[in-house]
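In what follows, a structure is listed as structure tokens, so that the remarks can point back to it.
Reckoned from all heavy atoms, side chains included, excluding hydrogens, waters and symmetry mates. Numbered from 1 within each chain, the chains take letters A, B, ... in sequence-line order.
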Amino acid sequence: MKEYLRSALGRVLRTMKNVPTGFLPELSVPANPDHGDFATNCAMQLARHLRRSPRVIADEIVAAFMATEHDPFYVESVTIAGAGFINFRCSDRYLYRELESCLAQGAEFGRSSTGLDKRALVEFVSANPTGPLTVGHGRNAVLGDTIARLLEWIGYAVTREYYFNDAGRQMRVLGASVRSRYEEVIAEEDQPFSTSARVVQHRHSYRAKQLAGSKTTVPASFPEDGYLGSYIIEIARELVRVHGPDLLDAKDDDCFERAAKQTILTDIRATLERLGVSMDNYFNEKSLYDSGAVSETLDALRERRMIYERDGATWFKTSELGKESDTVLVKYTGEPTYRLPDIAYHVDKMKRDYDVVINIFGADHIATYPDILRGLDVLDLDSDRVEVVIYQFVTLMRAGEEVKMSTRKANFVTLDELMDEVTPDVTRYFFAMRSAQKHLEFDLNLAREASDKNPVFYLQYAHARICSILQKAAEIALVSDPALAQLTLLEHEAEIALIKEIIQFPQIVVSCAQAREPHRLATYLRGVAEAFTRFYHSCRIIGERREVALARMALAQATGITLRNGLEILGISAPERM
RNA sequence: GCGCCCGUAGCUCAGUUGGAUAGAGCGUCUGCCUCCGGAGCAGAAGGCCAGAGGUUCGAAUCCUCUCGGGCGUACCA
């Protein structure tokens, strides 16, 4: 419809005098449905250029349109309103055909081939295995996965990738933390009745002072910046269960580190799985060192004369590339900063030849990616293919107070805990329903206590109700069969409004995917569910004469298809009863 | 200091490439359950779209400045 109007208007405008070549008419959907289904402002835009009043120009355009381009299949009426808007109302026949198409496509309704034969890489979550995924990672995971699903729906072949680093100082601290807890568990088992002595001992330790006011206690051997979460104790207990006290003699923390990493990574995978996120690839930063990619990248940058040495460190001349200062790539210790492997990683991504490479980053990583792009530019790789979706932080509210989150300290809420409280469905909807660039306030008390107020239930409820109606109708021998339904019987205001809502779905999917904005889909689905409940309240199905009932059942079925497919993209279940 | 993001109803947020009377949910107030699922529906109240300039037929949307909030700005990851 939109395409037809666009090209028809384009042809009309080309026949008119003095219209600039290349002028394209814009089509929009009026906010007020009384104005029509589509509107164009082109008469107003041309007014200045043609030095005539917009209304006169609009008259001319409409006359020409009606004479040469008017197709009654699409357009029922054309009117001129306001300062010079041209409004088009589409014909019911067009609506019925689109509705038929929805019913025919079923589970495929909303899929398109806009991005056919294109490949996308979506890198997201990418948390290092030092602890369980937090609420913040949840937002990242939902955004990334939903964008991936949207792209798949418009035809892309998508790879979901998780980039992680299991080496370096943070992992050594992790290993030391586990060892300390391990020793603590062993000591407790030896002297099960001396726990009070242990607490006294901690009260005198430096760490205990730091922890004053917090419930967490740690053994004296605990690293100063160790990981305080209770999951460390769980890992230590498991090691005791399997190895007993044998590990007390271990000469370094390697075995503790390995055990921790393995457990945590497995847990992360399980958490993501529970959220409905399944990665295609876990990319280990270490492999970039093993393959030589890191040193190759450094050499390549050096060849372009963008590298120099100073104070024992290796610098990247980012000041020549629009940055205030240069950037260290290799520290004086000989150890690279994270930027170098990051660049090498993206070089690797570019070599894998994707049409688009999307990264999902929290706002705290905002400063990291420009360096990556600069690196790619220097190496003549097409950095335009790299896109970054930055999301703002999640503020967790508990009993009206903000909870500051840190993986190191114990007071974070894990993604698993969140899902325990509000279910994965609600978690996904909550994170998907808001624009990524807005801060997200997550009221735990509200989410926990008041599940009946959560908007996701509104969508699921509408779906369940549709299933229930169709089921009930079947019991009295009314079987929904789109092929037999006379859709022209759908003429109630609420029916037409619902049809118009439904048939927008494919276009919505395309625009959400292209804009990388899942929240607009959530907003749209809410509108579909609202239009359905309005229809439900003004139009009965069971009890109406057979033909009308069948037509309305077809409409209900189409609504169900739209809700189901939309929820599928959001990764949320569409239950048949609740 | 500099960079990025945000500022829309009491609260949390929508608002497509600039369009016609700025919209939802929650909360508040009115109605509506012999009726396909009331987790609902219909309606009311609530706004100088942070503020000031600019661009134009037309601005919540684009530009500049100011004020407020968040996040960065490491030889930490």
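You'll find the ring centres of A:F283 and A:F164 outside the 6.0 Å limit. For A:F532 and A:F535, the ring centers are positioned less than 6.0 Å apart. Here A:F88 and A:F38 keep their ring centres 6.0 angstrom or further from each other.
Take A:H439 and apply the ring-ring contact (aromatic ring centres under 6.0 Å, His included) test, not counting sequence neighbours, and it matches no residue.
Between A:R465 and B:G38 there is a side-chain polar atom (N or O) within less than 4.0 angstrom of OP1 or OP2. Contact annotation: A:Y536 side-chain N/O to B:G38 OP1/OP2 distance is under 4.0 Å. Phosphate contact (OP1/OP2 of B:A77, side-chain N/O of A:Y338, threshold under 4.0 Å): absent. The side chain of A:Q437 places an N or O atom within less than 4.0 Å of a non-bridging phosphate oxygen (OP1 or OP2) of B:C6. Applying the 4.0 Å criterion to OP1 and OP2 of B:C36, one finds that A:S468 has every side-chain N and O outside that range. Phosphate proximity of B:A24 to A:R526: absent, as no side-chain N or O sits under 4.0 Å from OP1 or OP2. OP1 or OP2 of B:G15 lies within a sub-4.0 Å distance of a side-chain N or O belonging to A:H519.
The line from CD1 of A:I86 to CG of A:L9 is 6.5 Å long, rounded to the nearest 0.5 Å.
For the C1' atom pair drawn from B:A59 and B:C41, the interatomic distance equals 36 Å after rounding to whole Å. Annotation: B:G15 and B:A52 have their P atoms spaced 25 Å apart (nearest Å). A gap of 30 Å separates the C1' atoms of B:U64 and B:G23, to the nearest Å.
Of the charged side-chain nitrogens involved, at least one lies within less than 4.0 Å of a carboxylate oxygen, so that A:R526 and A:E530 count as a salt-bridged pair.
Within the 4.0 angstrom heavy-atom criterion, base atoms lie near A:D311.
Residues A:T533 and A:R310 each lie close to RNA chain B; by heavy-atom proximity, the contact nearer the 5' end of the strand is made by A:T533.
Stacking of A:H537 onto the six-membered ring of B:A42 is not present when judged by under 5.5 angstrom between centres and under 30° between planes. In this structure, the aromatic ring of A:Y458 is not positioned over the six-membered ring of the base of B:A39 within 5.5 Å between centres and 30° between planes.
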Could you list all N or O pairs between the protein and nucleotides 10-13 of chain B that sit under 3.5 Å apart?
residue	atom	partner	partner atom	Å
B:U12	O2'	A:R434	NH1	3.0
B:U12	O2'	A:R434	NH2	2.7
B:C13	OP1	A:H439	O	2.8
B:C13	OP1	A:E441	N	3.4

